[in-house]
Each structure stands twice: as structure tokens, then as C-alpha cells.
Amino acid sequence: MLLFASTILLSAFLLFLVQPIIAKQILPWFGGSSAVWTTCLVFFQVLLLLGYAYSHLVTNRLAPRQQARLHIALLLASLVFLPIIPTIGLPYFLLSTTGPLLQKWVAPRFPEKSVYRLFALSNFGSLAGLLAFPFVIEPFATSRTQSLAWSGAYALFALACALSAWRAARGAGAPNIVDTGAPQPAAPTAAPPRRRDYAMWIAFSALGSALLLASTGHITQNIASVPFLWVLPLSLYLLTFVLAFEGRGGRGWYERWMLFVALLFVVGMAAGLSAGRGVLDVGLAVPLYTAGMFVAVFVCNGELALRKPAPRYLTHFYLTISFGGALGGLFVGLVAPRLFPATYELPLALMALAALALAVVWNNRFLVGPALVASLATAWYGAEYFTFLRDDVIYMHRNFYGTLRVREQGAGNQQVRRLLHGVILHGEQLTIAPDRLEPGTYYARSSGAGRAIEAKQAAGPVRLGVVGLGVGTLSAYGRAGDSVRFYELDPDVLALAKEYFSYLGSSPSQLEFVIGDARLSMERELARGAPQRYDVLAIDAFSSDSIPAHLITREAIELYMQHLASDGILAVHVSNRFLDLKPVLANIAQVSGLTLRLVSDNPPASSSASITEWVLIARTPASLDHELLAVAEPIEPNPALSLWTDQFNNLLDVLKSRPIDEFRRLFGMS
């Protein structure tokens, strides 16, 4: 049993670990688009489903010795694909088969039902892999080292799995040999699952997956843009599987009456909170929604645990719930962004769960009243949530990159229009005031970017480059004879900037737009022999929690410098509530022989300008020797911080506070 359990634990650990390793490796190849992460997610989900299908077919169609020979042969073949740069298909596929395959092999040798405790162990291994990457592995190893270490661990797994297959084939047909003397739970009926069972497995697994992704998206986009916050709901999601399938001798800790009462409470609280029309206190909203997700998903996975079949049908069970999980993930990740104008999937998933819960309790004739009240409260919450998303919104659009909202608030000369992506402000403009074309927020004339641009304009016409369009505020600096070239990932941002804001339409300068990942676009320009020779190149892509790290590595900075004029200035916007990116740039500048200065702007509250930090980088100190830049201060490199490259970069190093401190603050504990 120790061999089988250790193999399952290692496979689950490696399975969850390889996803961020591979996704991070290929990010610089394809750009910072969320399409990279979503495509990786879809790829891994499909392979997981195929792995479960393989386990089901092999264990039901082949004799034990044939199963062992086939699987050992595939394990040997998979070693050819090591190290995992960039190929991972066959190794990942075989990892995904391990849980159900080994459980099916071990089931005849151990007491009924206890085999499902290995499923809890598998999810514990996944949880360990999830937490290990950002907090233990990424801070200390380059991408190359990560892949080599993972490949070594995979080779060890392949040996253990091959040995497990051989042992299982030799012991096929042996009677149950374990007798611990402890009372065992009653064996489940050996009757095959009914169509209703399959339908419920799919429904609860799809809802659990959808609730996880929808809750995570809502928390991180609409409530708090905190680095690593996504780890919390995913960790709790995996924990619910452990609790549902492991506790109390394999019977799990799920109690239907307790969880339905908790679900009623959480949904009612969420409905009451949403009735406040979105005025959310982060310290209340984050724990509430996180607790709500935990309870709701525990209901889904607890119901799955109550419905698990006899071990002889466990591959049917795992294949079905993996299909349901993939359906839920694909719905939230790919279908919903194209179907809904905003993030409607969270209230819709909660309504579906309430309806399913009502059906379950009605069928069991208990707690019907509380479930009915929970269903009504969920419907109310959904209505209030839909209303909140449209408050003060004159336009709302959702695409692959998220939800964009144009909000208009105030009146008269104080009427302001803002472009929001979740909770991140991407720019604003006064709509009626005489100074509506004056650059404000992060791009005011007193900001580092504003000072650098005006310093260059003092000598004549300039060519400006901007990574991150926003509402086009920096085009307000453009004069006749100047040119401004914007790099923007999302084409819909360009359309909104032109239609709802007047900066672009009013600029007398020549405007150019490049749609796509900025780094890839600039690399293509160099490959064509067309360096842009910018007088100022402004990089504005680091204000949220989701940092496109490939835009702030040593290789990226060297690329930007190739596009600058000989005396050009690279201006990097590093204002961020949670991350301190200044030492990252200071270390890169030191090894690259560049000059670096910081411009901190703290304007009066009555100003339209925002508090900002811009780092200015140039080839020589003379390029920054201008009276407008006299406020700039030097930044000392940090030898304790590793140099950020495409091979190594880690957000934990630049957190202004530890993740645990931030979580404590969010949960009102500090």
C-alpha cells in the first residue's frame, strides 16, 4: 500500500507543479496575453480527461498483465520527452492516469471503499504542488533548473509507477489481504451506476469547477487586486476534496444538513452585501466570498463523495467527474467571455447550485424549507449583482481579456469618465471642463513620464512610444510634427479610447497603433530592420496584480533600448500598491551599464494628477541632465534581489508585504 500511495502522491504533486512551470516558460514566446494561460489550462484539462479515459478503457478492456505491459512501455517512452522543455504531452498524460489507474489496481487487495482515500491523498499532493511553486520553488530556481528538477522527479515517478504496475499484475486475482481489525464501513452496492448517477456526477463536478473559477475571477477582478490571492480559493477547492473523501476512516467530513445550513447563511450574506450596490469593504468582501466559495464547493464535492460507487466502477466515476470539471472550466474560461457582457457566471453558478440543492433535499424530504429560502436569496443576490455591475456604467463589454467598463460620474465641470478593467483604473478624462484635454492621473505633467516627454520636446519634434494605451492620455503631449506609437494588447481598448474619450481624436500629432503583445511586436520590428528610435518610450503595464514579467526582464529592457534614440529615455511606470519593482530595474540597469533615476510625484489632493512613481532609464547620465528632471533621484541596486531574466523572475521577491500579512489584513486580523 505504501508503494501505491507514494506513487499517487508524487504523481499528483508533479501534475499540479508542471502547469505553472510550462506556462511560465512559454509566456515570452507567445506574449503576455491571457490567451497563453487559458490555452495552457484547456490543454491540461483535455489531457487530464484523456488520461482518465485511458485508465477507464485499459482497466476494463485489458487483462491485468496486458495493462501492466502497456503502461510500463508508455512510461519508458515518456522518458524520451525529458527534460520538459518544451514538450510535456506524454509525461503529463501518464501522470493524469495514475490516480484512477492505481486505485483500480489496488481496490481488489484492500477493504471496500477505503481505496477512495487515495483520491483524498491525490488532492493533498496537488495542494502541495500548488503551494510549492510560488512559495518554495520559483523563488530559488530558474526555469531551466525547475524543468530539470521536475524531470528528475518524473523519472523517479516512472520507476515507482512501473514497479506498481508489475506488482499489481503479479497480485491480480488475489483476495483482500488487509485486515486492520478496525470496523470497516459497509460495502457499497455493486449495482452499476444509473443514468441519474452519471448526471449528478457531471452536475456537481461542473458546478464545483465553475464556482471555483467564477469566484476567483470575481474576487481578483472586482474586489481586490492582490498578488497570489488566486492561490487561496484554489487551495480551499483542493482541500474540500481531501475533507470529503478522507476524514473519519474514509467516510469524509461532509454532513448534508450542516453544509446546506451554511450555504443558506453564506448566500444570504452575499445577497445582503450585494444589496449595497457594490460598496464593498475589502476586509469583509474577500473573506465572505472566499468562505462562500469554500462552502459551495464543499457541498458539490461532498455530494460527489456521498455518491461514489463501488470500487469496481471507480474509473467510471473519475472519468465522469473529470468530464464535468472540464465542462465547468471551459464554460467559465472560454464560453462565458463570449456569451455574457460581464462576469455573470458567479451568480448563475450559485443559482444553479441552489436549484440542484433544492432538488436533492426535496428528493430526501429534509431541510426543504431552508433550501427554498437559500434559492430565493440566491436569486435576489443575482439580481442585485447584475444591477451593481451596471451602476454608472455607460458602456460595458467583455472579451477574452476581461470586462471593460466605461463609467461616468459627477456633473458639470466635475463630470469624469473612467475606463475600468475589473478594479484597475486604465485612465480617466473630464468630459466637459475646459481643461479636459490636459493629461492627468498617472500621466500628469509633474509625473516622470510627463517630465521626460517635455524635456525632449524642448529640443524639437519628438517620437514617442507607449506600451499600454489606456484611454490615450499620453497622446495629449503630442504636437504637430510629433509622432506617438501605441502598443496595445486588447483591440477593444483602442475602440473604446476612440469612441468614449477625446484624447486621441484631439491630438495634432501623428498617431500609430500596434495591436498585440508589445515585446513580440518590437522583436518583429527589429527583425525587419526597423528600430523605432524613440525619444521617449513609456512602459505602462505593471499597475495591477497580474504583472507581465516578460516585459520587465533583462532581455526586455535590452530590447527597449534598441528601439531608443542614442539619447532616448525609457520611462517605466512602477506605481503599484503591492509590488516594489524599482530594485528589479535598478539591478538590470547595473548589469547593463545603464543610468537610472526615480521620479516620485505626490500632487495635491485637489489636482487631477495621481500619486505616481516612474523609473527613467537612459544610456548615459547626460540624457537625464535636464532641469525638468532635477527632481529625479538615484535608485540603489539591491544585491539581495536576484536579477530578473526570462529564465528567472519571482514576484515574492518584490512584495511590499508578505502574502500572509496581506491575507491577515484582508481578513481583518491586523
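Only this structure's heavy atoms are used, side chains among them; waters, hydrogens and symmetry mates stay out. What you are looking at is a predicted structure, and each value in this text was computed from that prediction instead of being measured.
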Practice prompt. May I ask you to decide if L319's main-chain N or O and S322's side chain share a donor-acceptor pair within less than 3.5 Å?
Written response: yes
Worksheet entry | Rounded distance [0.5 Å steps], CZ in R69 versus CG in L62 | 11.0 Å
Worksheet item: Stepwise, does the side-chain contact (heavy atoms from CB on, under 4.5 Å) test hold for T97 with Y52?
Response: CA-CA 6 Å; T97 69; Y52 278 33; over 6 Å; no
Discussion item. Side chains of W105 and Q67 only: does a donor on one sit below 3.5 Å from an acceptor on the other?
Written reply: yes
Worksheet entry | Validation row, ring centre Y313 to ring centre H56 under 6.0 Å | no
Discussion item. Let me confirm one number: the OG-OH distance from S96 to Y54, rounded to the nearest 0.5 Å.
Written reply: 10.0 Å
Worksheet item: Considering only heavy atoms from C-beta outward, does the side chain of L102 approach that of L118 to under 4.5 Å?
Response: no
Worksheet item: Looking only at atom types and distance, does a side-chain atom of E246 sit under 3.5 Å from a main-chain N or O of L243, one as donor and one as acceptor?
Response: no
Worksheet entry | Between OH on residue Y116 and OG on residue S122, distance to nearest 0.5 Å | 14.0 Å
Discussion item. Less than 3.5 Å apart, any donor N or O on the side chain of T240 or Y254 sitting next to an acceptor on the other?
Written reply: no
Worksheet item: Hey, does L236 have a side-chain heavy atom less than 4.5 Å from the side chain of V297?
Response: no
Discussion item. Under a 3.5 Å distance rule, please check whether S209 uses its side chain to pair with a backbone N or O of G329 as donor and acceptor.
Written reply: yes
Worksheet item: For the side chain of W201 and the backbone of R307, is there at least one donor-acceptor N/O pair under 3.5 Å apart?
Response: yes
Worksheet item: Looking at side-chain heavy atoms only, is the closest gap between V58 and H71 below 4.5 Å?
Response: no
Practice prompt. Mind checking the CG-CZ spacing from L212 to F294? Nearest 0.5 Å is all I need.
Written response: 13.0 Å
Discussion item. Does any part of the side chain of P91, heavy atoms only, come nearer than 4.5 Å to the side chain of W150, both counted from C-beta?
Written reply: yes
Item to complete: Would you give the length of the straight line joining atom CG of L70 to atom CG of L75, rounded to the nearest 0.5 angstrom?
Response: 9.5 Å
Discussion item. Could you tell me if the side chain of P309 sits less than 4.5 Å from the side chain of D197, heavy atoms only?
Written reply: no
Worksheet item: Which pair of heavy atoms, one from S205 and one from G325, lies closest together, and at what distance?
Response: OG-N, 3.7 Å
Item to complete: Determine, stepwise, if the pair I321 / F119 fulfils side-chain contact (heavy atoms from CB on, under 4.5 Å).
Response: CA-CA 12 Å; I321 66 174; F119 184 56; 4.1 Å; yes
Practice prompt. Output yes when a side-chain donor or acceptor of N123 lies under 3.5 Å from a complementary backbone atom of A120, and no otherwise.
Written response: no
Discussion item. Please report whether the ring centroid of F124 lies less than 6.0 Å from that of F241.
Written reply: no
Item to complete: Using a cut-off of 6.0 Å, state whether more than 12 heavy atoms not belonging to Y344 lie near its atom OH.
Response: yes
Worksheet item: Closest heavy-atom contact between C300 and L211?
Response: SG-CD1, 4.1 Å
Item to complete: Give a yes or no on whether the backbone of L101 and the side-chain of K104 come within a donor-acceptor separation of less than 3.5 Å.
Response: no
Discussion item. So which atom in A162 and which in I72 form the shortest heavy-atom distance, rounded to 0.1 Å?
Written reply: O-CD1, 3.7 Å
Worksheet entry | Y154 and its side-chain contact (heavy atoms from CB on, under 4.5 Å) partner, picked from L17, L94, L159 | L94
Worksheet entry | Main-chain N/O of I8 paired to S11 side chain as donor or acceptor, under 3.5 Å | yes
Discussion item. Using the rule given for salt bridge (charged side-chain N to carboxylate O under 4.0 Å, His left out), can you reason through R398 versus E345, listing the C-alpha separation, both sets of side-chain angles and the distance that settles it, and then say yes or no?
Written reply: CA-CA 13 Å; R398 187 179 185 185; E345 51 269 24; 2.6 Å; yes
Response to the item:
Between the OG1 atom in T315 and the CG atom in N60, the distance rounded to the nearest 0.5 Å is 4.5 Å
Discussion item. When you compare the side chain of M293 with that of T216, does any pair of heavy atoms fall below 4.5 Å?
Written reply: no
Worksheet item: If only atom types and distance count, is the side chain of Q103 paired as donor or acceptor with the main-chain N or O of G99 below 3.5 Å?
Response: yes
Worksheet, complete the sentence: Taking every heavy atom of Y237 against every heavy atom of G208, the minimum-distance pair comes out as CE1-O, 3.6 Å
